[in-house]
Amino acid sequence: MSIEQEVEILRNIPLFANVEPAKLKLMAFASERMMFKPGQVLCSQGDPGDSAFILIDGKANVEVDTPEGPLTVATMERNDIIGEIAILCDVPRTATVIAESDLVTLKVTKDLFFRMVTDFPEMGVEVMRVLAHRLEATTAQLMAARAGNA
Amino acid sequence: MERNLFKYIWHHSRREQVGILLLVAISLPFYFLSLNLPKQIVNQGIIDGYDLIGQAPEEQQRSLFSIDSIFGLGGEDGLFEGFLLNPYAYLLALCVVFLSLVMVNGGFKFFVNTFKGQLGERMLRRLRFELTDRVLRFPIPFIRRMKQAEVATMIKDEVEPLGGFIGDAFVTPAFLGGQALTAMLFIMVQNLWLGLVAAAIVLFQAILIPKLRRRILDLGRQRQLTARKLAGRVAEIVDGAVEIQAHDTTNYERADMTKRLGEIYDIRFEIFQRKFFVKFLNNLLSQFTPFIFYSAGGVLVISGRLDVGALVAVIAAYKDLPGPIKELIDWDQRRNDVQIKYDQVIDQFQPPMIIAPELQDPGQDSGPTLAGKIEVNSLTLEDDNNTKLVEGVSFDCDVGDHVAIVGPSGSGKDHLSMMLSGLIPPTSGGVKIGGRNLHDLPSAVTGRRLSYIGPNTYFFPVSVRDNLLFGLKHRPLREAEYDSEGKTQRAAHVAEALRAGNSDLDYEADWVEYAAAGASGPDEINVRMIQILKDVGLEDDIYRLGLSGTIDADAHPEVAQGILLARSALSDRLASEDAEDLVVRFDPGAYNRNATLAENLLFGTPTNPIYATDALAQNPLMLQVLKEKGLTDVLLDMGYSIAKTMVEIFADLPSGHPFFEQFSFIEADDLPEFTALIARGEKSGRAALNETEQGLLLNLPFKYIEERHRLGLIDPEVERKLVEGRQRFSELLLDQDPGAVAFYRPESYNAAASIQDNILFGRLVYGQAQAAETIGRVMSELLEELGLRQRVIEAGLDFNVGIAGSRLSIVQRQKLGFARCLLKQPDVLIVNEAAAGMDSSTQTKLLETVLHQRRGKGVLWTLQHPRSAELFDHVLVMRAGRVAEQGSFAELTQPGSALSALLAAE
């Protein structure tokens, strides 16, 4: 898969939808493409995080440790981003991510991510937008959960 | 050292100086003769010959070489009648004699100069050796205060002129003085008055010039001091580079440099001004004398009181006079100059105390194993200001005890441990080991039976192995093997070394005291070293260094063979782990998309830098291959694509952005050039670019790795062409420059490539998670199974640690320092906060291992963390230079004790 195809994929990700192609190309060029086999671990809960993964192809399961053992809380697919929280706010990985099928990802290091955001503020705005959406969704879920409990 | 330079020279070269003086004395009569001859040639050869030529042939005959005529005395004494010759033959004979005398004089000069040169070099060698010898005997506190650059300048540069002068010290005044006196005497013999005039002027010169030069000498002294300080400052700028840049003080340094250079300039300029004035005066005076000779001498000749020949000879003799006189004055100047230099150098090499040479005598033996008690008796150390750093420390313990010294920093614990190792002499008090006074013990005992390791262990820029063995090289133990020619040479070197007062110990001999490390020879010591590296937790590091190191496959064919086995076993092993897709092996018939294009074309490791990746676009052989195989255009197209992408994605980045260095094929500075190039290319096509531009493009694709950079530039057709190019390149290279590239051959070991690359024989596939870790583990397992791990570690032992060990991390250095001390199995190991760079769990682990290793053998350890003192038999708590308390850990941890306070503060 060439860099041009990667750029196409990046453009389909909401976070990068509004970023200029040349900058996406730079990001793709400066990132490592990383392949995982089924069962391989992308990141482990509690480890320090130094990079995020953009899923280009395949599926991965997100698991969290619970007293009853690991619990799969989500399945990530093509165009999803994994691990961005840990690189944004320096907290340990909040979940373990395991490849379910053969997985192709683009590994964006913390350093690269921050530089991209610093150098291209429009990307920062995009990140904010995505996070705000997510917060909004989480809040809605929380409200729903409370309403259910009540 | 002897303070008077002349006494020093005379003391060490009496015989040679006398020899030269004799040689000079023998040469003087010949010199006198050569002065007299011109007169004889003019008067007897030419003028008399002209008179005789008209007479009958038998009347023309004259005798040559009768004794009296040789010395021009007149009168006959009949000792030797000489040869009878006609006027032409007579003249010719005189001229031939003149020529031979010139040659004889030249010969003397040649011998004297050679002899002088040799003498000077010998003395210089002696002086440098003595100075270095003194540095080796300086007490540590003194040497700590010296600036290393200044010491180096003194030994290397400042004594250099001394060598030139030493040969001249006695000979020059004798030889030149003799010459000048002879010439003067000769002039006097010809005409007293002319002689007196010449003498008066010479005397005037001899008195006036040195007076004028006194200030120059003074300036010379200042010049030397400022230059030495400059060297010290330059070294400081290098050493303090981090601080200077971190604090943005480069301009402060520039100002300081400017000021210093300004001072030096002023001094030097004044020297030049004065020097040339003296020269001018000197020349004027020298020319004044011929003026008198021509005028007054001419009058004497006209009036018949002097013959023409005599005047010619006087003038010829005088021509020889200013030379010697000037050189004599120069000599005097140099004498003053070198005496100043010598004084200043010697001053720096006179510490208040110096280690007696007997203590470092190579014949000294380390004696029996130390036993009994270590008794420390009111040990006190004062600094220059009489401040007490350590005061009245007393304790005793057995040689085999483990003693911890704890205390806050500044409590004197580090000074105490240096005194206990004998490196710093105490101001008062003493240390006795087994009843013997530590400071009277030869270094053969203190440096072998004791072993000190401090916080900043120094490493020499040699291999790990040599740094480890360093602690075992006390004296040559087994002679180096020489062939008969080598033996003769060695004997000559020793004789010459002894003549110059140097050491006769052979550097090439085997110095390693294997027995001290508990080994019988070179093979066993390897095992010992590796064991100790394992103990201090450095074995893995050295193993990794070994993997990226090379081995000499000719010297160790069995290792190379084993590594080839590992190479062939690697595929199966990876397959068994379902990981065979992590590596793409090198295949002579296939393009490797995980390697650079350059590597694919070379298909080997360059041993000559003109075949390095960066140089291939200029390499004629490679250019020929590209042309022949129609690859030039392919590569230019690739270069164009790369340049276009780079220009596109890096255009907005400010130059100096770290991405350029990390990712770009084009440096930030060159980007505008490529931007313009691409703009032109887009307008009129790639083919329209000129040769320079094409050259720029051709540089780019060699570093390209398809799988990593993913620009989609290499399709199967290009792959096929490149593999053809690879084959053609190897044909051409084998024909034209064999050996410049070590080719990858599946069946043979590549000695130019690292062990790791030889096993891998391919490239890791980009973007496979855990690839490096998996391969590293598999390789390690394979090497273990093949029994090669030790050989890899041995290859790691050849790793050069760099200047002061800079290629190792601090922790690695500290561990290596421990390994070096442990290897020589000292009776007492003295450790001074030598593990400070390690994290506390590594420190504790090392401490436990070392103490375990040294059960029953002494350890005196100055600890960073008082908690660790628990592991020791005896604890010494230092406070403000004194022992606050001592005893076992359990005794000292009662509430309210100094140790409890330290533990609480930790």
Side-chain angles (χ1 to χ4, degrees), chain A residues 1-10 19-44 51 53-58 60 82-83 97-99 102-116 118-123, chain B residues 574-575 577-584 593-594 638 641-666 668 671 675 678 700 703-716 718 764-774:
Chain A
M1 187 182 295
S2 80
I3 213 154
E4 301 290 347
Q5 292 162 295
E6 285 167 13
V7 171
E8 276 311 304
I9 291 165
L10 285 177
V19 179
E20 273 178 56
K23 280 155 202 170
L24 288 183
K25 209 170 188 179
L26 172 60
M27 192 166 111
F29 188 70
S31 307
E32 202 179 339
R33 198 179 42 192
M34 187 63 84
M35 263 108 58
F36 295 87
K37 290 172 196 162
Q40 274 190 322
V41 176
L42 281 75
C43 58
S44 305
S51 47
F53 298 90
I54 295 164
L55 250 63
I56 293 176
D57 202 15
I82 296 166
V97 183
I98 300 170
D102 275 324
L103 205 61
V104 183
T105 68
L106 205 59
K107 184 179 176 188
V108 184
T109 61
K110 185 174 177 173
D111 195 35
L112 173 69
F113 191 76
F114 271 106
R115 281 197 188 282
M116 294 298 291
T118 323
D119 291 340
F120 310 114
E122 59 270 36
M123 246 186 84
Chain B
L574 286 174
E577 299 203 11
D578 200 17
E580 70 271 37
D581 55 349
L582 296 187
V583 184
V584 176
R593 294 167 69 87
N594 286 283
M638 289 170 74
S641 287
I642 293 171
K644 202 172 143 188
T645 310
M646 294 302 123
V647 167
E648 181 190 352
I649 65 180
F650 285 99
D652 288 346
L653 288 186
S655 86
H657 197 287
F659 279 6
F660 277 107
E661 206 174 308
Q662 276 174 281
F663 304 114
S664 181
F665 280 72
I666 295 170
L671 199 65
T675 310
I678 293 296
L700 300 177
K703 278 181 281 188
Y704 181 75
I705 302 169
E706 179 60 45
E707 287 299 312
R708 177 176 163 201
H709 299 114
R710 318 189 292 279
L711 297 181
L713 301 178
I714 295 185
D715 59 28
V718 173
L764 284 187
V765 169
Y766 277 92
Q768 292 290 352
Q770 299 287 312
E773 291 82 352
T774 309

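In what follows, every chain begins at residue 1, and chains take the letters A, B, ... in the order their sequences are listed.
Looking at A:L112, both its backbone and its side chain come within 4.5 Å of chain B, counting heavy atoms on both sides. Proximity to chain B involves both the backbone and the side chain of A:K25, based on heavy atoms less than 4.5 angstrom apart.
How far CE of A:M35 is from CD of B:Q770: 14.0 Å, rounded to the nearest 0.5 Å. In this structure, the separation between NZ on A:K23 and CD1 on B:I649 is 12.5 Å, given to the nearest 0.5 Å.
A:K37 is listed as a side-chain neighbour of B:D581, based on a closest heavy-atom distance under 4.5 Å.
Tested against A:R33, the residues B:R710, B:Q768, B:R708 include a single side-chain contact (heavy atoms from CB on, under 4.5 Å) partner, B:R710.
Between B:F650 and A:F29, the ring planes lie perpendicular to each other; the angle is over 60°, past the 30° to 60° tilted range.
In plain terms, the two heavy atoms of B:E648 and A:A22 that are nearest each other are O-CB, 4.0 Å.
Residue with the most contacts toward chain B among A:D111, A:L103, A:L24, A:L26: A:L26 (heavy-atom pairs, distance under 4.5 Å). Here A:Q40 is the residue among A:K107, A:M27, A:Q40, A:E32 with the most heavy-atom pairs under 4.5 Å with chain B.
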